[in-house]
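Just the heavy atoms: all of them, side chains too, but no hydrogens, waters or symmetry mates, feed the values below. Quick note: residue numbers are just sequence positions, from 1. The model shown is predicted, which means the values in this text are computed figures rather than measured ones.
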Amino acid sequence: MPIEPSLVASLTWFAHIARHRSFTRAATEMGVTRAALSQHLKGLEQQLQVRLLNRTTRDMSLTEEGRRLLDVLQPSLTAIERVVSELNDSHFEPSGLIRINSSRIAARLLIEPHMGEFLARHPKLRLELVMADGFSNIIADGMDAGIRLGESLDEHVVAVPITPPLTMAIVGASDYFRQHGTPQTPGDLTRHNCLAYRFTSSNTIDRWSFTSPDEEQHTQIVDPKGNAVFNDDDSMLQAALQGVGLVKHLDLRVRQYLSDGSLVRVLAPWCPPFPGFYLYVPSRAQMPAKIRALMDFLIEKRALLS
């Protein structure tokens with residue numbers, strides 16, 4: 001039979017009285033009157049049909065039944081008080097587990113390079129990274145936060161940008177271009193080995209979308225039809241570095257290879273900027289300190305990407 005809510009409250013009050021062995025001290029701690037405590041105890045004894053305390057005007061002691069009840073109540077109440085205290089502390093000091101749903105590329109660019117620094121700053125935190133291509137309903141999936149490109153987010157989610165605007169980059173090795181020439185328009189890609197990426201969430205091939213640099217800004221779609229397909233962006237990138245063919249990737253991911261000449265970018269005027277990665281969370285209201293710490297950290301690192 002389920003315990004009535006009123007009984008739960010009375011049991012808590014009984015435990016405080018028994019712990020202090022005094023109505024007066026227990027009433028002072030709980031911020032109620034002595035008479036109210038006495039009334040609750042009487043009601044509890046009547047409901048249980050046992051005497052829990054022997055009391056006179058000067059002394060108080062537990063009956064055998066009272067001791068049995070307190071021995072069961074005290075560990076549970078102590079555990080509840082500890083959890084409540086930890087929950088309260090979590091609003092001030094970042095602690096506990098943060099579960100983050102992220103695309104693999106976002107995790108590799110934004111989380112993994114800085115994970116050591118973040119956890120060193122907040123030693124009471126733990127991270128769990130759940131990586132997937134598709135957009136995650138973080139509430140339904142039991143996540144604390146998600147990271148996705150801004151264009152894929154629902155307008156109603158609470159999100160903050162953690163990278164500058166990005167562009168897609170069509171890149172290949174310089175040896176590849178020496179052998180096969182350099183495409184000047186997206187239409188030229190039909191004569192090139194365009195390596196494809198397959199989304200694991202939908203099993204579809206990522207299509208290459210271009211916007212003309214003229215005033216009309218018409219869109220042109222290219223289906224990559226090369227001799228290799230990948231569902232891991234790092235593996236795809238390694239193939240491009242080896243001169244296998246062309247790949248489409250985020251400019252942020254290939255920046256280092258463009259700088260050292262390992263890769264060459266083409267069709268840049270056809271790839272306009274779009275909103276970058278955002279951290280999205282269930283709500284701004286009563287945001288836990290751990291989520292605020294993550295948000296502030298990623299916003300801080302955003303400046304390094306400009």
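For the atom pair CG (Asn231) and CE (Met236), the distance works out to 10.5 Å, reported to the nearest 0.5 Å. Taken to the nearest 0.5 Å, the CG atom of Leu305 stands 8.5 Å off from the CG atom of Leu166. Of the inter-residue distances, the one linking Ser103 atom OG with Arg148 atom CZ reads 5.0 Å to the nearest 0.5 angstrom. Here the CG atom belonging to Leu41 is positioned 10.0 Å from the CD atom belonging to Gln46, to the nearest 0.5 angstrom. To the nearest 0.5 angstrom, Arg198 atom CZ is 8.0 Å from Thr204 atom OG1. Between atom CD1 of residue Ile170 and atom NE2 of residue His249 there is a gap of 11.0 Å, rounded to the nearest 0.5 Å.
At least one side-chain heavy atom of Leu125 sits under 4.5 Å from a side-chain heavy atom of Phe118. At least one side-chain heavy atom of Phe177 sits under 4.5 Å from a side-chain heavy atom of Leu246. You'll find the side chain of Leu237 reaches within 4.5 Å of the side chain of Leu263, heavy atoms only. Asp232 has its side chain within reach of Arg104: a pair of non-hydrogen atoms, C-beta onward, lies under 4.5 Å apart. A heavy-atom distance below 4.5 Å is found between the side chains of Met168 and Leu250. Ile111 places a side-chain heavy atom less than 4.5 Å from the side chain of Leu298. Residues Val247 and Phe230 fail the side-chain proximity criterion, which asks for heavy atoms closer than 4.5 Å. Counting only heavy atoms from C-beta outward, the side chains of Tyr257 and Val171 never approach each other to under 4.5 Å.
Using modelled atom types, one side-chain atom of Gln184 and one backbone atom of Thr182 make a donor-acceptor pair closer than 3.5 Å. With Asp251 contributing its side chain and Val254 its backbone, the two residues share no donor-acceptor pair below 3.5 Å. In this structure, Thr211 contributes its side chain and Trp270 its backbone to no donor-acceptor pair below 3.5 Å.
Under the 4.0 Å criterion applied to side-chain N and carboxylate O atoms, Arg207 and Asp223 are assigned as salt-bridge partners. With respect to Asp71 and Arg67, a salt bridge is recorded, a charged nitrogen being found less than 4.0 Å from a carboxylate O.
Between Phe297 and His114, the two ring planes are perpendicular [angle over 60°; tilted spans 30° to 60°]. Relative orientation of the His180 and His192 rings is perpendicular, given thresholds of 30° and 60° on the angle between their planes.
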_Residues Leu189, Phe210; criterion side-chain contact (heavy atoms from CB on, under 4.5 Å); working and verdict_ = CA-CA 12 Å; Leu189 293 176; Phe210 298 93; 3.7 Å; yes
*With side-chain contact (heavy atoms from CB on, under 4.5 Å) as the test, would you mind laying out the steps for Glu300 and Asp296 before giving the verdict?*
CA-CA 6 Å; Glu300 173 190 326; Asp296 290 344; over 6 Å; no
*Starting from the C-alpha separation in whole Å, work towards a yes-or-no answer on side-chain contact (heavy atoms from CB on, under 4.5 Å) for Leu62 and Leu69.*
CA-CA 10 Å; Leu62 287 165; Leu69 182 58; over 6 Å; no
*Assess whether side-chain contact (heavy atoms from CB on, under 4.5 Å) is satisfied between Asn227 and Val244, documenting all intermediate values.*
CA-CA 9 Å; Asn227 59 6; Val244 176; 3.8 Å; yes
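Leu149 and Ile205 are not part of a single hydrophobic cluster, where members link through side-chain heavy atoms under 4.5 Å apart. Both Ile299 and Leu252 belong to a single network of hydrophobic side chains, linked directly or stepwise wherever heavy atoms of I, L, V, M, F, W or Y lie under 4.5 Å apart. Cluster membership check: Phe274 shares its hydrophobic cluster with Ile147, using side-chain heavy-atom separations under 4.5 Å among Ile, Leu, Val, Met, Phe, Trp and Tyr. Under the 4.5 Å side-chain heavy-atom criterion for Ile, Leu, Val, Met, Phe, Trp and Tyr, Met131 and Tyr280 are members of distinct hydrophobic clusters. Linking Ile, Leu, Val, Met, Phe, Trp and Tyr residues whenever their side-chain heavy atoms come within less than 4.5 Å leaves Leu195 and Val229 in two separate clusters.
Results of the side-chain contact (heavy atoms from CB on, under 4.5 Å) test with Met143 over Ile98, Val130, Ile100 single out Val130 as the only residue that passes. Checked options Leu53, Thr12, Leu44, Leu70; the residue passing with Ile17 is Leu53 (criterion: side-chain contact (heavy atoms from CB on, under 4.5 Å)).
Nearest heavy atoms, Leu241 versus Ser262: CD2-CB, 3.7 Å. Smallest separation of non-hydrogen atoms from Ser95 and Lys290: O-CD, 3.5 Å. Smallest separation of non-hydrogen atoms from Ala293 and His122: CB-NE2, 3.7 Å. Between Pro273 and Pro165, the shortest heavy-atom contact is CB-CB, 4.4 Å. The shortest heavy-atom contact between Ala106 and Phe277 is CB-CE2, 3.6 Å. When every heavy atom of Pro186 is checked against every heavy atom of Leu267, the shortest pair comes out as N-CD2, 4.1 Å.
Within 6.0 Å of CD on Glu151 lie more than 12 heavy atoms contributed by other residues, nucleotides or ligands. Within a 6.0 Å sphere centred on CZ of Arg68, heavy atoms belonging to other residues, nucleotides or ligands number 12 at most.
The salt bridge (Lys or Arg N to Asp or Glu O under 4.0 Å) test applied to Asp234 returns Arg108, Arg253, not counting sequence neighbours. Among residues two or more places apart in sequence or in another chain, the salt bridge (Lys or Arg N to Asp or Glu O under 4.0 Å) test is passed with Arg265 by none.
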